[in-house]
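By convention in this document, chain letters (A, B, ...) are assigned in the order of the sequence lines, proteins followed by strands, and residues within each chain are numbered from 1. Only a predicted model underlies this, so the values are computations on that prediction, with no experimental measurement involved.
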Amino acid sequence: MEKSKVRVRFAPSPTGPLHMGGVRTALYNYLFAKQNGGTFILRIEDTDSTRFVPGAEDYIIEALKWCGINPDEGLDKDGHIVQSSDNNNPYGPYRQSLRKDIYKKYADKLIENGHAYYAFDSSEDLNRRREEAEAHKYTFTYNYITRKELNNSLTLSPDKTKELLETTTNWTIRFKNPEDKMIKMHDIIRGDIEMNSNTLDDKVLWKRNDELPTYHLANIVDDHLMKISHVIRGEEWLPSLPLHYMLYDAFGWTDSQPEFAHLSLLLKPTGKGKLSKRDGDKMGFPIFPLEWKAPTGEISHGYREDGYFPEAFVNIIALLGWNPGTEQEIFSLKELIDVFSLERVVKAGARFNPEKAHWFNQEYLRMKDDKTLAKEFMEMLKVKPFDNSTNEDGAKDLINNSRINDLEYITKAISLNKDRATFVKDFYNLTDFFFYAPIEYSAKTVKKFWKNEIPSHIEEIKDVIKNIETFDVETVSKTIHDYIETHEWPFGKVMNSLRLALVGASKGPDMVEILVLLGKDESIMRIERALANIKPRQTLPQS
RNA sequence: GGUGGGUUCGUCUAACGGUUAGGACUCAAGAUUUUCAUUCUUGCAAUAGGAGUUCGAUUCUCCUACCCACUACCA
């Protein structure tokens, strides 16, 4: 006997960009599917005709792609993908707007078996009742009590009902909640949950005006038709779980009802509430995987554009609300598939920590080989070249343009600075002196080192360098060290002054490494330039 | 207001009912170092509060507090 196949779905509605929390839900679905040899489905829930946002769906697809969370099945017209025996696919289409015709007959079925009824109350009527109730400090709900005095097929005569169905177009089909029934539910993450049906309201299932179902109907019908085995979704759905249980029951589908797992929400890093799309990037870090250009023209930061590696981003969100129970923190997508488990998802909401996110990216950067990073950096340089304007470190002068296109050279420059970087873009500041010679020098460093007899020492070192035949790290290092040692010069001061001459500031990796990578000629040229341009600060003789 | 969910260092989290409550990030100190980093070592720092069950409670039960979600012809 084959165990029923794992089929899970990620079902976003295209009302805006996907934020981190959404990506995490997709990721957990994906991991669960892959771990169980199952199918990960992307379904677009676009039953709200009024909230469609252009570009949102493309954004969702691209964001998942960037993360490496590839659907096995889903979409099209014309988001593509599909699959699961393509031609005779029994599950599609995957866009709810394309499934419009399916839902009505299921709503009708519920009317027939007495689990639903027609409601003719206008939204204005209902809103008025809500306001009235609010004024009296209680909440109006369309439920087992109030439905007895409202405009629906339960209170109206069959003839009147028939007439209204034919002559009006703003009626809905509502679910008829049973009275005083304890609904026992189970959640993989939270365990057993009970709720009394009396606390529920009679949700609208289908709307005549746009002939579309609401979330609840569409969701249950599609999950059933698509043979979804596990529903992994956000905690905001927990309150409607009893309704969903009852819908499965009303349709007679309890035997094939999926299991549920409700994920806790991602919280704002500061203040209150869940992380929301509205937050934008006001808090100093992105909440979206990709940059998002709203139809209004407003632009929100994205992790991708801010320089995060997709593997790092996936790792970060995977560990936000889940942990393997070991002390391992770095996981590839492949490893996550192996060790992920819904049982270890934490119940409490998680707050995102930007500092830790930096750390993750740094870890991933270090794992990448130098050439890969160099190629990525070269691509960035094509779009945004080095900035040679004056800054606190002094001014720079581009002296060897050919090196900007030299992959080997850039690779070496990067390898020397790798453990100083968090993002690839950090190499702009970290390696600029390998491409630009200083023409002005950090005043602070000049003041600190460039004084007394130092310039004359540097002059001598220049000649020493000039005479080194084999210009490699070992030889240069030994030669300079020996020279400084035999003359009993202050080692640190000389080296830092040499650094000032070559780099223009007090930064960069090992001095000898810099000399060797720059090359003998370039190094000598920079030293000469420094000797000519830096004004020595003589310390006053002690009186 | 009602219903449901949640609560361990600042943050993410670990801990068969028995641990000096562990790890990571951040921060601080020290060591190394030719700068800045890196690296290494050490440190700071938590079971929301109160009852109960138990020989023993972070863990189980109840109450309180606080937080979150839901309470739409939105998902």
Could you tell me whether A:Lys137 contacts a base, only the sugar-phosphate backbone, or nothing, with contacts defined as non-hydrogen atoms closer than 4.0 Å? nothing
For A:Arg233, answer base if it contacts any base atom (sugar-phosphate contacts may also be present), sugar-phosphate if it contacts only those atoms, and nothing otherwise; contact means non-hydrogen atoms under 4.0 Å. nothing
Residues at least two apart in sequence or cross-chain that pass ring pair (Phe, Tyr, Trp, His ring centres under 6.0 Å) with A:His186, listed by chain then number, are none
Spell out yes or no: do the side chain of A:Thr199 and the base of B:rG2 have one donor N/O and one acceptor N/O closer than 3.5 Å? no
Pick base, sugar-phosphate or nothing for A:Gly321, based on heavy-atom distances below 4.0 Å to the nucleic acid. sugar-phosphate
Between the protein and nucleotides 44-48 of chain B, which nitrogen or oxygen pairs come in under 3.5 angstrom?
none

Among all residues two or more places apart in sequence or in another chain, which pass the side chain to side chain contact (heavy atoms under 4.5 Å, CB included) test with A:His115? A:Leu110, A:Asn113, A:Phe175, A:Ala250
What's the closest nucleotide to the side chain of A:Leu126 if the choices are B:rA75, B:rG4, B:rC73? B:rC73
Check step by step if ring-ring contact (aromatic ring centres under 6.0 Å, His included) holds for A:His481 and A:Phe491. CA-CA 8 Å; A:His481 276 77; A:Phe491 191 78; 4.7 Å; yes
Looking across every strand, which nucleic acid part, if any, lies under 4.0 Å from A:Asp426 by heavy atom: base, sugar-phosphate, or nothing? nothing
Regarding B:rC12, can its base be found pairing with the side chain of A:Arg351 as donor and acceptor, where the two atoms are less than 3.5 Å apart? no
Only counting residues at least two apart or in another chain, list the ones meeting side chain to side chain contact (heavy atoms under 4.5 Å, CB included) with A:Thr422. A:His358, A:Asn361, A:Gln362, A:Asp426
Using a cut-off of 4.0 Å on non-hydrogen atoms, how would the nucleic acid contact of A:Trp237 be classed: base, sugar-phosphate, or nothing? base
Using a cut-off of 4.0 Å on non-hydrogen atoms, how would the nucleic acid contact of A:Met195 be classed: base, sugar-phosphate, or nothing? sugar-phosphate
Give every donor-acceptor pair under 3.5 Å between a side-chain atom in residues 311-326 of chain A and any protein atom, sequence neighbours left out.
unit_1   : atom_1 : unit_2   : atom_2 : d
A:Glu311 : OE2    : A:Lys368 : NZ     : 2.9
A:Asn315 : OD1    : A:Phe331 : N      : 2.8
A:Asn315 : OD1    : A:Tyr364 : OH     : 2.5
A:Asn315 : ND2    : A:Glu329 : O      : 3.0
A:Trp322 : NE1    : A:Ser341 : O      : 3.3
A:Asn323 : OD1    : A:Gly325 : N      : 2.8
A:Asn323 : OD1    : A:Arg344 : NH2    : 3.2
A:Thr326 : OG1    : A:Gln328 : N      : 3.3

Tell me whether the rings of A:His457 and A:Trp489 are parallel (<30°), tilted (30 to 60°) or perpendicular (>60°). parallel
Taking only heavy atoms on the protein side, list every residue of residues 177-187 of chain A lying under 4.0 Å from any atom of RNA chain B, sorted numerically. none
By ring pair (Phe, Tyr, Trp, His ring centres under 6.0 Å), which residues pair with A:Tyr118, not counting sequence neighbours? A:Trp171
No-hydrogen, no-angle side-chain donor-acceptor test under 3.5 Å, A:Tyr215 and A:Asn219: yes
Students often get this wrong, so: under 4.0 angstrom with heavy atoms, is A:Ser123 touching a base, only sugar-phosphate, or nothing? base
Can you pull out every salt bridge (Lys or Arg N to Asp or Glu O under 4.0 Å) where at least one residue sits in residues 479-504 of chain A? Sequence neighbours excluded, please. A:Lys478-A:Asp482
Assign A:Asn209 to base, sugar-phosphate, or nothing according to its heavy-atom contacts below 4.0 angstrom with the strands shown. base
Taking the side chain of A:Ala350 as its heavy atoms from C-beta onward, which of B:rU38, B:rC12, B:rA75 lies nearest to it? B:rC12
Side chain to side chain contact (heavy atoms under 4.5 Å, CB included) partners for A:Ala294, two or more places apart: A:Trp292, A:Thr296, A:Glu298
With heavy atoms under 4.0 Å as the rule, sort A:Thr214 into base, sugar-phosphate or nothing. sugar-phosphate
Look at all strands and tell whether A:Val346 reaches a base, only sugar-phosphate, or nothing, counting heavy atoms closer than 4.0 Å. sugar-phosphate
Gap in Å between the two C1' atoms, one belonging to B:rC63 and one to B:rU53, rounded: 15 Å
Determine the Euclidean distance between corresponding C1' atoms of B:rC27 and B:rU47; express it in Å to zero decimal places. 22 Å
Applying side chain to side chain contact (heavy atoms under 4.5 Å, CB included), name anything that partners A:Asp472, two or more places apart in sequence or on another chain. A:Thr470, A:Glu474, A:Thr475
Under 4.0 Å, counting only non-hydrogen atoms across every strand here, what does A:Arg208 touch: a base, just sugar-phosphate, or nothing? nothing
Taking the side chain of A:Lys203 as heavy atoms from C-beta outward, which of B:rA75, B:rU71, B:rG4 is closest to it? B:rU71
When A:Leu320 and A:Leu200 are each assigned the nearest nucleotide of RNA chain B, the 5'-most assignment goes to A:Leu200
Reading nucleotides 16-28 of chain B 5' to 3', which nucleotides get B (base under 4.0 Å from a protein heavy atom), which S (sugar-phosphate only), which -? ------SSBBS--
Could you pull out all residues at least two apart from A:Phe309 that satisfy ring pair (Phe, Tyr, Trp, His ring centres under 6.0 Å)? none
